[in-house]
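This report concerns only the one structure given below.
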Amino acid sequence: IVMKNGLVDRMPIGDIVEKKDEAEVISFDKNKKVKFSPIKDFIKHSPDNHVVEITTASGRKVRVTNDHSLFSIYGTEIIDLPTTHLKANESYIAIPKKLPFPEIHSEVINLVKVLSRNIYVNFNDCIEDAINKLGKERVAEILGVKKKYVYDVLSKKLSISSKGFLELTKQAEISVDYGKIFINAGNSIHSMPALLSITPELCELLGLWVAEGDYNKNGVRIHAMDSEIRERIKYLLEKNKLPFSYTDKSFSIDSLLFQFIFKDVFKLEGGAENKRIPALVFTLPKNYICAFLRGYYSGDGLIYTTNKGRNMAIEAATKSEKLANDIMYLLLGFGIIGRTYKKKLDNDIYYRIMFIGVDYLKAFSEIGFIDKKRNGRITLYINTKKWKRSDNIPITGELSSIIPKSRRNNQTIEREELRKIGERFKNDKILNLVNADVYFDKVVSINSINYTNPVFDLTINPTENFVAG
């Protein structure tokens with residue numbers, strides 16, 4: 001996870017090192033609290049030792065050289081542990097238990113300045129001001145049109161290209177009130193305000209599209225058959241003042257301009273295997289992120305019982321491995337640690353994100369589904385549980401002598417049980433550990449791989465620790 005230029009994104013560490021951008025990455029400080037920290041140095045070198053791929057119980061994977069260190073635990077402290085000291089099904093590595101989303105992105109986007117392809121602007125006051133300052137011939141030259149067309153723009157209130165509009169206002173030094181401007185895409189009859197407001201309703205629509213959407217020739221399409229979800233989609237489209245048509249299986253947003261916005265502003269590619277979460281979603285207020293995830297899980301999510309009905313799980317499936325990882329990172333903002341695994345179905349590989357347990361379902365209830373049925377199942381499950389499990393902390397070092405004798409043969413102890421021990425003995429080191437923003441993920445496999453390309457690393461402030469998550 002990297003934050004730069006006001007946006008949060010997932011990037012391969014190699015890209016970060018090669019570009020050497022001023023950016024911040026996820027770290028934890030001396031109090032084991034997760035935060036964004038500036039990168040101090042970028043490291044690139046040939047792999048002096050062989051490379052291994054480490055897979056954890058939650059499905060996370062990391063490739064490191066054999067002499068590289070990862071964060072693990074000994075007693076009440078997080079330590080650097082060389083990869084050679086890790087053992088499958090015995091060792092644990094530290095990953096973020098939650099992520100601090102910065103909430104820094106503007107909730108209004110100027111489409112004239114952001115859309116990469118040429119769109120058209122309807123704002124005649126700009127033309128009149130430019131003519132008064134520069135003359136008709138110079139205005140025609142800047143717009144790349146004949147002088148007569150400038151008259152037509154004024155008399156017939158025609159649109160001009162956004163590229164020409166920006167150049168014209170720059171050279172004529174015209175101050176523009178973008179709140180009064182409307183734009184369209186070529187011959188499309190649908191126009192929109194130049195300032196796009198990012199709202200929870202739009203985020204929910206984005207989530208639904210990422211789950212069940214595609215592109216058609218002149219617009220955006222969302223597939224849905226459930227009546228409750230269809231009613232919600234209709235409401236969201238009307239709320240966003242979008243033209244649409246529908247069949248009994250899908251809704252079509254009949255706007256080429258809106259398709260451009262999805263592709264160029266939100267960077268949403270067509271094809272299930274190419275789906276991603278728009279980078280700006282990571283930097284929006286929490287209720288906006290809730291709306292996005294509610295849309296996504298309402299389309300791709302399911303809820304079911306496990307362990308003979310004693311536990312309940314929420315799961316989503318996607319063909320996009322990158323989207324699965326995006327979802328897992330976004331869930332960390334709610335303290336939900338998802339597990340991912342691959343499953344083959346009808347010759348296609350799906351990446352499934354699953355979480356289980358009362359605490360995680362309580363956290364997810366802030367997000368919820370669109371439909372009452374699935375929300376009702378969550379509420380019923382939470383209300384009928386008399387007890388709950390917390391995540392586990394490995395028992396090593398001095399913890400072995402502090403915990404009750406009856407637990408000393410176990411590999412781990414539940415976080416909340418350890419908290420009670422820390423409170424009873426007023427042990428600040430234990431309390432610091434149980435309050436850490438760190439989850440200890442069990443290593444399930446360590447495999448050597450054939451890798452000859454350069455390897456990369458980052459350094460940050462010495463009082464903080466870079467953790468990829």
Side-chain angles (χ1 to χ4, degrees), residues 1 3 8 24-38 54 56-60 62 69-83 85-86 90-102 286 328-339 355-360 362-363 388-404 407 410-443 458-469:
I1 288 285
M3 180 170 67
V8 174
E24 298 182 8
V25 291
I26 290 291
S27 69
F28 60 88
D29 60 22
K30 61 182 180 181
N31 295 317
K32 305 179 182 69
K33 295 299 180 183
V34 172
K35 58 186 288 190
F36 280 97
S37 297
I54 298 170
T56 67
S58 70
R60 289 164 169 82
V62 60
S69 292
L70 296 173
F71 292 112
S72 188
I73 183 174
Y74 185 78
T76 59
E77 298 300 322
I78 295 176
I79 61 169
D80 291 340
L81 190 67
T83 303
H85 290 193
L86 293 175
E90 184 176 325
S91 301
Y92 292 79
I93 59 175
I95 66 170
K97 182 177 169 63
K98 62 181 180 180
L99 287 185
F101 294 128
K286 194 174 184 180
M328 287 210 299
Y329 276 108
L330 207 55
L331 288 173
L332 282 174
F334 299 84
I336 299 173
I337 299 171
R339 297 171 179 265
F355 53 89
I356 188 171
V358 176
D359 279 345
Y360 290 161
K362 277 186 176 179
K388 61 181 181 180
R389 292 179 181 271
S390 59
D391 63 287
N392 293 334
I393 291 177
I395 300 172
T396 59
E398 71 265 33
L399 284 182
S400 300
S401 60
I402 296 174
I403 65 171
R407 300 299 308 274
N410 296 345
Q411 282 191 336
T412 62
I413 183 171
E414 287 191 26
R415 186 182 295 256
E416 291 309 311
E417 184 179 352
L418 187 58
R419 183 191 305 280
K420 292 176 183 178
I421 294 172
E423 291 171 347
R424 185 165 68 246
F425 292 105
K426 297 181 180 179
N427 189 313
D428 290 337
K429 287 186 176 181
I430 289 179
L431 292 176
N432 181 264
L433 176 63
V434 297
N435 289 322
D437 293 341
V438 177
Y439 175 86
F440 298 100
D441 206 356
K442 192 171 189 177
V443 175
L458 303 170
T459 62
I460 55 176
N461 189 304
T463 63
E464 293 154 354
N465 304 278
F466 165 59
V467 54

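Excluded from the calculations below are hydrogen atoms, water molecules and symmetry mates; all remaining heavy atoms, backbone and side chain alike, are included. The model shown is predicted, which means the values in this text are computed figures rather than measured ones.
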Kindly compute the distance separating [atom1] ([X]) from [atom2] ([Y]), expressed to the nearest 0.5 Å.
X    : Y    : atom1 : atom2 : result
I403 : L418 : CD1   : CG    : 8.5 Å
R407 : I402 : CZ    : CD1   : 14.5 Å
I336 : L99  : CD1   : CG    : 12.0 Å
N410 : I395 : CG    : CD1   : 5.5 Å

Take a 6.0 Å sphere around NZ of K442 and say whether it holds more than 12 heavy atoms from other residues, nucleotides or ligands. yes
Counting only heavy atoms not in K33, do more than 12 fall under 6.0 Å of its NZ? yes
One thing to verify: whether K429 and E398 come together as a salt bridge, which I'm taking to mean a side-chain N less than 4.0 angstrom from a carboxylate O. no
Got [X] and [Y] here, is their nearest side-chain heavy-atom distance under 4.5 Å?
X    : Y    : result
V438 : I95  : no
I430 : R424 : no
K97  : D391 : yes
N435 : K32  : no
L331 : I337 : no
F28  : I78  : yes
K35  : S27  : yes
P100 : F36  : yes

For [X] against [Y], the heavy-atom pair lying closest together:
X    : Y    : value
P404 : I421 : CD-CD1, 3.7 Å
I73  : T396 : O-OG1, 3.8 Å
L332 : P96  : CD2-O, 3.5 Å
G335 : K98  : CA-CB, 4.1 Å
G75  : L399 : O-CD1, 3.4 Å

Tell me whether [X] contacts the main-chain N or O of [Y] through its side chain, where contact means a donor paired with an acceptor under 3.5 Å.
X    : Y   : answer
R339 : A57 : yes
D441 : S58 : yes
S72  : Y92 : yes
D29  : N31 : yes

As a quick check of understanding, evaluate side-chain contact (heavy atoms from CB on, under 4.5 Å) for I393 and V434, giving each step before the final call. CA-CA 8 Å; I393 291 177; V434 297; 4.1 Å; yes
Pairing residues for F355 by the ring pair (Phe, Tyr, Trp, His ring centres under 6.0 Å) criterion, not counting sequence neighbours: F364
What residues form a salt bridge (Lys or Arg N to Asp or Glu O under 4.0 Å) with D359, not counting sequence neighbours? K388
Polar side chain donor-acceptor pair, S69 to D80, under 3.5 angstrom: no
Salt bridge (Lys or Arg N to Asp or Glu O under 4.0 Å) between E423 and K420, worked out: CA-CA 5 Å; E423 291 171 347; K420 292 176 183 178; over 6 Å; no
